[in-house]
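Here is the structure we will look at, set down as structure tokens.
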There are 2 protein chains.
Amino acid sequence: MPHFEDGRVTTTGRVLDLLRTRGTLSRVELAGRTGLTAAAITHVVRRLIDDGLVHEVGRVPRQGRGQPRRLLELAPDSWYAVGVQVDRTTSTIVVLDFAGERVAEAGLRGSGGAGPEATLAVLADHVADLLRASGVPRERVLGAGLVTHGPQDQERGVLLTAQPEPEWLEFPLTGTLSERLGLPVLLENDATAAAFGEQWAGEVPTDTFGLIYMASGIGGGVIVDGESYRGRASNAVEIGHVALSGGSTVCVCGNRGCAQAEAGPRTVVEQVLADGALAERLGVKGEADGTIADFERIARAWHRGDRGAAELLERSARWIGQAAVTLVNLFDLDTVVLSGPAFVTAGPLYREHVAAELERRALSRALRRPEVRVSTNVITAAAVGGALHVLRTIPIETRSDTPVSAPTHEGAS
Amino acid sequence: MPHFEDGRVTTTGRVLDLLRTRGTLSRVELAGRTGLTAAAITHVVRRLIDDGLVHEVGRVPRQGRGQPRRLLELAPDSWYAVGVQVDRTTSTIVVLDFAGERVAEAGLRGSGGAGPEATLAVLADHVADLLRASGVPRERVLGAGLVTHGPQDQERGVLLTAQPEPEWLEFPLTGTLSERLGLPVLLENDATAAAFGEQWAGEVPTDTFGLIYMASGIGGGVIVDGESYRGRASNAVEIGHVALSGGSTVCVCGNRGCAQAEAGPRTVVEQVLADGALAERLGVKGEADGTIADFERIARAWHRGDRGAAELLERSARWIGQAAVTLVNLFDLDTVVLSGPAFVTAGPLYREHVAAELERRALSRALRRPEVRVSTNVITAAAVGGALHVLRTIPIETRSDTPVSAPTHEGAS
DNA sequence: GGTCTATTATTAACGAGTTAAATTAAACGT
DNA sequence: ACGTTTAATTTAACTCGTTAATAATAGACC
């Protein structure tokens, strides 16, 4: 019972998605939200209950006249998925149950520069530990979602960039991890994964929005009508390389004035390092613990009221705001979400400046007030999105492949 | 028999689209290209033949063994559609038959500044004349596609911008034109329409590409897997307001460094006007015959070898190239088409510079060589796209609503 | 010419959606 | 207490896809 068939969403998949995001729904509500008829929902839900993926959990009391709605929920322990998010120097692992709830979680630090082989080995060990510790039965795990920056070739499971080090280019990421884990592994873009994670968390009030993901680099994701925009080869929304008017810094991509070169965390850290006294005051050393850690020190300094830190961050935030304007104008959006480890502390500052830029400059500002939110879980959103991607994508072998027996439904329990 | 249902493409619609673009196809070929089975094609095609929309036109001789393919074609005279493209000072009207071939065409000039009411009145008269002159039976015309710059509200058929004059904002365009013509009228974005027109012309070798439309202003369109990206409310790809690094000119939208303000035809014309001697030499007066006419004079001067004209156009072309880089990076594209009246003469110059920018700066340049083309019909592409939109969208009432009689097919002719 | 074979098109049986009508289960009003 | 009303769900008949088997048609080979 796959949820997708060559990229197209099935009815079953949509029902599962809705139950996962909303938690508990009746058949009528499912019908309303999917746009399908109640009759179709009856069929789909019956199959899902037979397969043990969905349970009926009582009925709504005192809703008024008429037959009460019977509430449905995903069976949390029916299946599980792992999400592994890898950035230059920090990684996050989560294990989700079938309902999308976090069963286990781990954050890793400081393995920067170790190369893909060693990094994946460490991650695989941690995944195995997590699964063991949390008591999730191995044969109930559908697979793992590996989440990294782009550009990537998702079919082959490799990165198409030499970042962070040359060995990563074309290294068989999903193949290696899959072999070590004994599970199917899907590769996903960090920003897109975070967007799905965000949508699942239910904090975004619309199913059409853009997301800016800031870790060591800057990525973008766009969700339209609940599905991600992927473009030609799933490498869409490289917002880190949007040109900024007034920008001039040279970027690794060869362009000038790219958002990433002008305003990315790495650049902010370098700007601090360039001012010895400031670096000293903020405790920024530019050493092995990586860009994110240093950036976080700067953000905390701003939070304590440091003027120097504030100036640099505000400058970066205005640039990001300008990139957001381009994103919104090109993709016709009215909601932008900020996610990624760079926003742990600096989130509110960025939110304010991005919102200000959009309100001043987005083309649609007269029609709809643009909205900017900071992710509710900047650190784990991407890993959660990776695991969700697995839950949504990997086909589930249906148990009852016997021809559906004559309905013996006399009322549940 | 609608081709679309709430934005989703039907099988019937895809078959008609394919026959329209490819001209002549057999059932097997249709099956292959749609991804449907031969059985499904049999059903769909039978219905289409019964309704008189498709004809069998002989069989392929000597293809090898086996039963020869029976070739199918659209019935050109079954239905017609009108496309009306309106720009500041130039308009184009086309009448297409059901096969998408041009039955009639008219170009209009110099009605700038007349306001929507008067403009539509003139256009409606011309449409009526064209239909009469070309002998297209009125009751066989499905409707008209009105094509303008954005942003627009396509549902209500109004512009959401005060360009070119304040009266255009919220003026009931489709309502007025529909009443005058006695036909359904759909509103469509010029760049998106041109992209459809281009795709139909079959000159673009891929079904995923971006298009930059330059008339008085600059618009953008993106086609992914043969369908247009529309975003939240069909106002996507406002590439005229992408920020350019190094740009600083103030734009009507309130931003600085927008592509349109920095490099649009209007700006180029103004730059020429600012240099009295140059304006004199090129014959540019900045008078009522409009931006496009003046821009065309500059382009022709370049073509004759005028250095001053070349410098200004090249500068504009490089800016457009930078906007194209952003378009390509955000939407993950590898093909960009240039269309619109501004490219009549200047097309090759822009093509060269846009291609150069993409080859130097697009992120995907290492994976796939970015390709830039000038539309084969820069002037009429948008109007044609508007008419195609009508052919693809407006439901056709099926003649035979009688239950399909017992198949009396004993082999045709 | 007669048979075998490859290719195209059609038919038959089935699956997943649709609409319309029927069934079920509670609340309301007397 | 009991029929009426209302809302949720199910069933029934039909549509438009699917796959699998069958029919039609011409080339290849004897």
Side-chain angles (χ1 to χ4, degrees), chain A residues 1-3 5-6 8-15 24-50 54 56 58-72 398 400-401 403-404 406-413, chain B residues 1-3 5-6 8-15 24-50 54 56 58-72 398 400-401 403-404 406-413:
Chain A
M1 191 191 312
H3 316 167
E5 269 161 38
D6 27 271
R8 231 157 278 280
V9 190
T10 64
T11 298
T12 306
R14 299 190 60 197
V15 166
T24 304
L25 291 171
S26 69
R27 289 175 181 77
V28 236
E29 289 168 313
L30 283 173
R33 288 181 189 278
T34 54
L36 295 177
T37 59
I41 297 295
T42 292
H43 290 303
V44 171
V45 167
R46 179 181 305 158
R47 166 73 65 92
L48 287 171
I49 290 177
D50 286 351
V54 166
E56 262 188 16
R59 35 192 66 180
V60 174
R62 339 206 86 265
Q63 64 177 46
R65 289 194 186 197
Q67 173 169 157
R69 305 173 170 193
R70 284 183 253 160
L71 295 174
L72 303 166
T398 78
S400 59
D401 263 346
V404 179
T408 334
H409 297 265
E410 302 290 326
S413 81
Chain B
M1 191 193 311
H3 317 170
E5 268 161 37
D6 28 272
R8 230 158 280 279
V9 190
T10 64
T11 297
T12 306
R14 297 189 62 197
V15 167
T24 305
L25 291 172
S26 69
R27 290 175 178 78
V28 235
E29 289 168 313
L30 284 173
R33 289 180 189 277
T34 54
L36 295 177
T37 58
I41 297 295
T42 292
H43 289 305
V44 171
V45 168
R46 179 181 305 158
R47 166 73 64 91
L48 288 171
I49 290 178
D50 286 351
V54 165
E56 260 187 19
R59 37 191 66 179
V60 174
R62 338 206 85 263
Q63 62 177 49
R65 290 191 186 196
Q67 175 170 152
R69 306 174 171 193
R70 284 182 252 161
L71 295 174
L72 303 166
T398 78
S400 59
D401 265 346
V404 180
T408 334
H409 297 264
E410 302 289 327
S413 77

Rounded interatomic separation in angstrom, taking [atom1] from [X] and [atom2] from [N]:
| X | N | atom1 | atom2 | result |
| --- | --- | --- | --- | --- |
| R46(B) | dT15(D) | CZ | P | 15 Å |
| L71(A) | dA7(D) | CG | P | 18 Å |
| R69(B) | dA6(C) | CZ | P | 16 Å |
| R14(A) | dA16(C) | CZ | P | 17 Å |

Contacts of P68(A) and I41(A) projected onto DNA chain C by closest heavy atom; the upstream (5') one is I41(A)
Which sits closer to the 5' end of DNA chain C, H43(B) or G66(A), going by the nucleotide each is nearest to?
-> H43(B)
Is there a side-chain contact between [X] and [Y] in this structure, where contact means two heavy atoms from C-beta onward sitting under 4.5 Å apart?
| X | Y | answer |
| --- | --- | --- |
| R47(B) | T12(B) | no |
| T11(B) | H43(B) | no |
| E56(B) | L72(B) | yes |

No-H, no-angle donor-acceptor pair, Q67(B) side chain to dT8(C) base, under 3.5 Å |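 Present.
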Phosphate-side-chain proximity, [X] and [N], N/O vs OP1/OP2 below 4.0 Å:
| X | N | value |
| --- | --- | --- |
| T42(A) | dT10(D) | yes |
| R59(B) | dA26(D) | yes |
| T11(B) | dC16(D) | no |

Nucleotide nearest [X] when distance is taken to its side chain, options [options]:
| X | options | answer |
| --- | --- | --- |
| R65(A) | dT5(D), dT11(C), dT8(C) | dT5(D) |
| R27(A) | dT9(D), dA16(C), dA9(C) | dT9(D) |
| V28(B) | dA8(D), dT11(D), dT8(C) | dT8(C) |
| V44(A) | dT5(C), dG17(C), dA9(C) | dG17(C) |
| R47(A) | dT8(C), dT10(D), dA16(C) | dA16(C) |

Keeping the roles fixed (side chain from R14(B), backbone from T34(B)), state whether a donor-acceptor pair exists under 3.5 Å.
->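 Judged by distance alone, yes, a pair lies under 3.5 Å.
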Atom CD1 in I41(A), atom CG in L48(A): separation rounded to 0.5 Å?
->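 It is 9.5 Å, given to the nearest 0.5 Å.
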Of all heavy-atom pairs between P68(A) and V60(A), which one has the smallest distance, and what is that distance?
-> CB-O, 3.4 Å
Return the minimal non-hydrogen interatomic distance between A31(B) and T37(B), and the atom names on each side.
-> CB-C, 4.1 Å
Any residue of residues 29-40 of chain A with a heavy atom less than 4.0 Å from an atom of DNA chain C = L36(A), T37(A), A39(A), A40(A)
